[in-house]
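Nothing fancy with the numbering, it's 1 onward along the sequence. Since the structure is predicted, the reported quantities are computational estimates derived from the model, not experimental observations.
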Amino acid sequence: MSESPVLLNKHEVERLLTYDDLIPRLESVMGKFSKRDSSEIIQPVRSVVPIQQHSGFLGVMPAYLANEGILCTKIVTFYQRAEGSSLPSTQATVLLFHPEHGHVTAIMDGEAITAKRTAAVSAISAKLFKPALSEVLCILGSGQQARSHYDVFTKLFKFKEVRVWSRRKEMAQRFVNDLQDPVTVCSSVKEAVIGADVIVTATGASQPILFGEWVKPGAHIAAVGACRPDWRELDDVLMREAVVYVDSREGATAESGDIILSGAEVFAELGEVLNGSFPARREKTTVFKSLGMGIQDAVSAKLVLEKWNSEH
């Protein structure tokens, strides 16, 4: 009989999953993914079940990394919440399996994994594409993704100014109150993004909120929200004028409203840039459209389990 699976809550996952360990693993796996060797990595596009009467979706994100012995799936729900709702917009659980025998080896909180791996991949994009002199960081949104992006971006890069905007100003203020360093709360998206070198969009928007005419030429945008084919955060002008990078071409053309509805052309995957097969067009305005990948959850979960096992 197989042993009982390891159960890890959000606090444990957050403690064990550090950016210093996670970023190199994500860079490695995304490079491997972009080589399209299906004997090594199998990752279908996320399966999504609409839950229309409750404005929600159930997503299933499996991945198999044969050479690393990782078999994993994340099960995630994401909902468009009513104004003022205290419920999280996304909730997730990650399952790790024994690749040879098929039993579940670990069940862990998926929200912490999603928040950290998403922010880490955005930081990798910024490392590659942000202007050489980047002084102003702007974060649109005030939820869990906004916080994880703030944490990793201010850890890896030195900004002179950080600005935050949220649809509800009190949420932006609450976000800022939890931080150690001074952050400016802006009352409009335009005010927040004018002159910003790096912009993170981590909102629940389904219509564009960020417009190309406001964006400083050469800025880098890490676009994290709008994970459905009919949802947008960025307008046509920005999408068509920027050099657009994605985590997965298949994911982007199936799921990203920002790409599908604007007709923007995908220049390259992040993994293709990491492999050296496509250039980082740092001198241009760049957009990294992040949708999230099962392989990112898989290497994150494996790292968490390795660290837990080393302590026990």
Go through it in stages, so that I can follow the logic: the residues are Asp197 and Lys130, the test is salt bridge (charged side-chain N to carboxylate O under 4.0 Å, His left out), and I'd like the CA-CA distance, side-chain angles, deciding distance and then a yes or no. CA-CA 7 Å; Asp197 302 291; Lys130 72 176 180 60; over 6 Å; no
Could you tell me the separation between the CD atom of Glu250 and the CG atom of Leu291, rounded to the nearest 0.5 Å? 11.5 Å
Could I get the full list of ring pair (Phe, Tyr, Trp, His ring centres under 6.0 Å) partners for Phe278, not counting sequence neighbours? Phe267
Glu311 atom CD: more than 12 heavy-atom contacts under 6.0 Å: yes
Non-hydrogen side-chain atoms of Thr203 and Arg167 separated by less than 4.5 Å: no
With side chains defined as the heavy atoms from C-beta onward, is the minimum distance between Gln43 and Leu65 less than 4.5 Å? no
Between His312 and Trp308, how do the two ring planes meet: parallel, tilted or perpendicular, split at 30° and 60°? parallel
Would you say Gln296's side chain and Met293's backbone share a donor-acceptor pair under 3.5 angstrom? yes
Keeping the roles fixed (side chain from Thr253, backbone from Arg249), state whether a donor-acceptor pair exists under 3.5 Å. yes
Looking at Phe57, I'd like to know if the NZ or CZ of Arg228 sits under 6.0 Å from its six-membered ring centre while staying within 45 degrees of the ring's axis. yes
Does Tyr245 form a ring-ring contact (aromatic ring centres under 6.0 Å, His included) with Phe288? I'd like the steps, not just the answer. CA-CA 5 Å; Tyr245 297 87; Phe288 169 59; 8.1 Å; no
Separation between NE2 (His103) and NE2 (His101), nearest 0.5 Å, reads 6.5 Å
So with a 6.0 Å cut-off around NZ of Lys10, is the heavy-atom count from everything else above 12? yes
Hydrophobic clustering (ILVMFWY, side-chain heavy atoms < 4.5 Å, transitive) - are Val189 and Val185 grouped together? no
Determine whether a donor-acceptor pair (N or O, by modelled atom type, separation under 3.5 Å) exists between the side chain of Lys307 and the backbone of Leu16. yes
Rounded to the nearest 0.5 Å, the CG atom of Leu210 sits from the NZ atom of Lys190 at a distance of 12.5 Å
Does the side chain to side chain donor-acceptor pair (under 3.5 Å) test come out yes or no for Ser34 and Glu272, once each step is laid out? CA-CA 6 Å; Ser34 288; Glu272 292 174 321; 5.4 Å; no
Asp21-Thr18 side chain donor-acceptor pair, cut-off 3.5 Å: yes
Would you indicate whether the side-chain heavy atoms of Phe159 and Val198 approach each other to under 4.5 Å? yes
Is there a donor-acceptor pair under 3.5 Å between the side chain of Asp258 and the backbone N or O of Leu234? yes
Pairwise side-chain contact, Ile199 with Thr201, heavy-atom cut-off 4.5 Å (strictly under): yes
Does any part of the side chain of Leu270, heavy atoms only, come nearer than 4.5 Å to the side chain of Leu128, both counted from C-beta? yes
Can you check whether Gly225's main-chain N or O pairs, donor with acceptor, with Glu233's side chain at less than 3.5 Å? yes
Applying a strict under-4.5 Å side-chain criterion to I, L, V, M, F, W and Y, I'd like to know whether Trp165 and Val215 cluster together. yes
Asn67 side chain reached by Ile41 side chain, heavy atoms, under 4.5 Å: no
May I ask whether Leu305 and Val13 are part of the same hydrophobic cluster, defined by side-chain heavy atoms of I, L, V, M, F, W, Y residues being less than 4.5 angstrom apart, directly or through others? yes
Closest non-hydrogen atom pair, Gly102 against Phe97: O-CD2, 3.6 Å
Sorted by chain and residue number, the side chain to side chain donor-acceptor pair (under 3.5 Å) partners of Ser187 (sequence neighbours excluded) come out as Glu191
Straight-line distance of Met239 CE to Thr285 OG1, nearest 0.5 Å: 12.5 Å
If you apply the rule side-chain contact (heavy atoms from CB on, under 4.5 Å), what do you find for Thr184 with Val164, and how did you get there? CA-CA 6 Å; Thr184 305; Val164 169; over 6 Å; no
Glu135: which of Arg163, Lys160, Lys216 passes salt bridge (charged side-chain N to carboxylate O under 4.0 Å, His left out): Lys160
Locate the shortest heavy-atom distance separating Ser142 from Phe175; write the atom from each residue and the value. O-CD1, 3.9 Å
Looking only at atom types and distance, does a side-chain atom of Lys116 sit under 3.5 Å from a main-chain N or O of Leu17, one as donor and one as acceptor? yes
Using modelled atom types only, decide if a donor and an acceptor are shared between the side chain of Asp235 and the backbone of Gly212 within a distance under 3.5 Å. yes
Side chain to side chain, Leu8 and Ile107, heavy atoms closer than 4.5 Å: no
When rounded to the nearest 0.5 angstrom, what distance separates CG in Leu58 from OH in Tyr79? 7.5 Å
For Phe153 and Phe157, take the angle between the two ring planes, folded into 0 to 90°, and tell me which bin it lands in: parallel under 30, tilted 30 to 60, perpendicular over 60. perpendicular
Criterion side chain to side chain donor-acceptor pair (under 3.5 Å) on Thr105 and His98, from CA distance to verdict: CA-CA 6 Å; Thr105 57; His98 193 292; over 6 Å; no
Check for me, please, whether Val246 and Ile124 land in the same ILVMFWY cluster - side-chain distances under 4.5 Å, paths through other members count. no
Start with the C-alpha distance between Glu68 and Lys32, add both sets of side-chain angles, then the distance that settles salt bridge (charged side-chain N to carboxylate O under 4.0 Å, His left out), and finish with yes or no. CA-CA 12 Å; Glu68 296 179 54; Lys32 287 174 185 171; 3.1 Å; yes
To the closest 0.5 Å, what do you measure between OG (Ser125) and CG (Leu274)? 10.0 Å
For Ser134 and Pro131, which heavy atoms make the closest approach, and how far apart are they? OG-O, 2.7 Å
Looking at every heavy atom in both Leu26 and Ala120, which two are closest together, and how far apart are they? CD1-CB, 3.5 Å
Side chain to side chain donor-acceptor pair (under 3.5 Å) between Asp151 and Ser148, worked out: CA-CA 5 Å; Asp151 288 345; Ser148 60; over 6 Å; no
Are Glu27 and Lys127 within salt-bridge range, i.e. N to O under 4.0 Å? yes
Under the criterion side-chain contact (heavy atoms from CB on, under 4.5 Å), I'd like the reasoning laid out for Thr73 against Val60: C-alpha separation, chi angles, the key distance, then a yes or no. CA-CA 7 Å; Thr73 194; Val60 183; 3.6 Å; yes
Between the side chain of Asn275 and the main-chain N/O of Ser277, is any donor-acceptor distance below 3.5 Å? no
Please answer whether the main-chain N or O of Gly59 pairs with a side-chain N or O of Arg46 as donor and acceptor at a distance below 3.5 Å. no
Is there a salt bridge (charged side-chain N to carboxylate O under 4.0 Å, His left out) between Asp247 and Lys289 once you walk through the steps? CA-CA 7 Å; Asp247 41 20; Lys289 178 58 209 170; over 6 Å; no
With sequence neighbours excluded, residues passing side chain to side chain donor-acceptor pair (under 3.5 Å) with Arg174: none
Group every Ile, Leu, Val, Met, Phe, Trp and Tyr by side-chain heavy-atom contacts under 4.5 Å, then state whether Ile221 and Leu137 land in the same group. no
Looking at Arg25 and Lys302, would you say the former's side chain and the latter's main chain have a donor-acceptor pair under 3.5 Å? no
Check whether any side-chain heavy atom of Glu213 lies under 4.5 Å from a side-chain heavy atom of Val237, and answer yes or no. no
